[in-house]
Amino acid sequence: MTRIGFGFDVHKLVSGRKLILGGVEIPFEKGLLGHSDADVLLHAVSDALLGAAALGDIGKHFPDTDSRFKGISSLELLKQVGSLLTMHNFHIGNIDTTLVLEKPKIAPYADQMRKNISITLGILEDQVSVKATTNEGLGFIGVGEGAVAYAVATIVSQK
């Protein structure tokens with residue numbers, strides 16, 4: 001049986017933090033605020049996969065009240081999500097993502113993001129899509145105050 005999951009995440013952009021998206025450190029004057037490395041893209045992917053498997057969300061598995069996850073790489077969190085799927089006999093079909101961020105431009109980093117996700121989850125790169133768009137200057141994203149990521153994932157039950 002094929003299942004579909006949807007993920008969404010949003011984080012505020014602030015000075016004094018590294019900007020990490022899709023496991024890639026991107027040179028920029030601001031980074032995303034959060035308990036972990038605040039990788040909005042990987043958080044959305046994790047939630048899409050967990051949702052497809054009906055296993056809750058990243059807040060359930062990696063609460064921001066737990067000091068073990070302070071500053072942790074979201075690639076490590078995604079790896080743990082992949083392990084949960086395997087434990088529950090699910091295989092990933094594909095992952096499709098959209099990152100919404102006014103600056104910086106994401107295109108130069110998208111291939112590395114795809115590679116990071118595929119390696120972390122043990123799937124092929126052609127099972128992962130990373131797209132980016134701007135908010136055309138509108139809202140908190142448009143004025144450079146934050147970033148949003150959306151993800152859709154399909155998984156197949158091997159039960």
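Between Thr134 and Leu101, every side-chain heavy-atom pair lies at or beyond the 4.5 Å cut-off. No side-chain heavy atom of Val152 sits less than 4.5 Å from a side-chain heavy atom of Ile95. For the pair Leu121/Ile92, a side-chain contact is recorded, criterion being any heavy-atom separation below 4.5 Å from C-beta on. In this structure, the side chains of Glu102 and Glu136 stay at 4.5 Å or more apart for every pair of heavy atoms. Between Asp47 and Asp9 there is no side-chain heavy-atom pair separated by less than 4.5 Å. In this structure, the side chains of Lys115 and Val128 stay at 4.5 Å or more apart for every pair of heavy atoms. Taking 4.5 Å as the limit, every side-chain heavy atom of Val148 sits out of range of all side-chain heavy atoms of Val40. Residues Phe28 and Lys103 have side chains in contact (heavy-atom distance under 4.5 Å, counting atoms from C-beta outward).
One distance of note links OG of Ser129 with CE of Met113; it measures 12.0 Å at 0.5 Å rounding. Taking CD1 from Ile20 and CG from Asn116, the interatomic distance works out to 11.0 Å, rounded to the nearest 0.5 Å.
Between the side chain of His61 and the backbone N or O of Leu55 there is at least one donor-acceptor pair closer than 3.5 Å. Side-chain N or O atoms of Asp57 include one that pairs as donor or acceptor with a backbone N or O of Gly59 at under 3.5 Å.
With a 6.0 Å radius and a threshold of 12 heavy atoms from other residues, nucleotides or ligands, Lys131 has its NZ atom above the threshold. Heavy atoms of other residues, nucleotides or ligands lying less than 6.0 angstrom from CG of Leu124 number more than 12. Counting non-hydrogen atoms of other residues, nucleotides and ligands closer than 6.0 Å to OH of Tyr109 gives a total above 12.
For the pair Arg114 and Asp126, the salt-bridge criterion is not met [side-chain N within less than 4.0 Å of a carboxylate O].
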Any chance you could lay out the side chain to side chain contact (heavy atoms under 4.5 Å, CB included) test for Ser74 and His43, step after step, and finish with the verdict?
CA-CA 7 Å; Ser74 294; His43 293 180; 2.8 Å; yes
Determine whether Leu78 and Leu49 satisfy the following criterion, side chain to side chain contact (heavy atoms under 4.5 Å, CB included), listing intermediate values before the conclusion.
CA-CA 9 Å; Leu78 183 62; Leu49 292 167; 4.0 Å; yes
Give the intermediate values and the outcome of side chain to side chain contact (heavy atoms under 4.5 Å, CB included) for residues Thr97 and Leu41.
CA-CA 8 Å; Thr97 68; Leu41 184 65; 3.6 Å; yes
I would like to know whether Phe90 and Arg3 meet side chain to side chain contact (heavy atoms under 4.5 Å, CB included); could you show each step before the answer?
CA-CA 9 Å; Phe90 290 110; Arg3 296 172 170 221; 3.7 Å; yes
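Under a hydrophobic clustering in which Ile, Leu, Val, Met, Phe, Trp and Tyr are joined whenever their side-chain heavy atoms come within less than 4.5 Å, directly or via other members, Val130 and Leu99 fall into the same cluster. Val10 and Leu13 fall into different hydrophobic clusters, where Ile, Leu, Val, Met, Phe, Trp and Tyr residues are linked whenever their side-chain heavy atoms come under 4.5 Å apart, directly or through other members. One hydrophobic cluster holds both Leu19 and Leu77 under the rule that ILVMFWY side chains link at heavy-atom gaps under 4.5 Å. Under the 4.5 Å side-chain heavy-atom criterion for ILVMFWY residues, no single connected hydrophobic cluster contains both Phe6 and Val81. Under the 4.5 Å side-chain heavy-atom criterion for grouping Ile, Leu, Val, Met, Phe, Trp and Tyr, Ile58 is connected to Met87 within one hydrophobic cluster.
Side chain to side chain, His91 and Ser157 fail the donor-acceptor criterion of an N or O pair below 3.5 Å. At a cut-off of 3.5 Å, with distance as the only test, no side-chain donor of Asp64 or His35 sits close to an acceptor on the other residue.
The shortest heavy-atom contact between Glu125 and Ser118 is CG-OG, 3.3 Å. Contact record, Ile26 with Pro104: CG2-CG, 3.7 Å, taken as the closest heavy-atom pair. When all heavy atoms are compared, the tightest approach of Ala48 to Ala151 is CB-O, 3.6 Å. Ala44 and Ala149 make their closest contact through CB-O, 3.6 Å (heavy atoms, listed as atom of the first residue, atom of the second, distance). Residues Ile72 and Ser36 share a closest heavy-atom pair of O-CB, 3.5 Å.
No option in Asp37, Leu21, Asp39 other than Leu21 meets the side-chain contact (heavy atoms from CB on, under 4.5 Å) test with Leu32.
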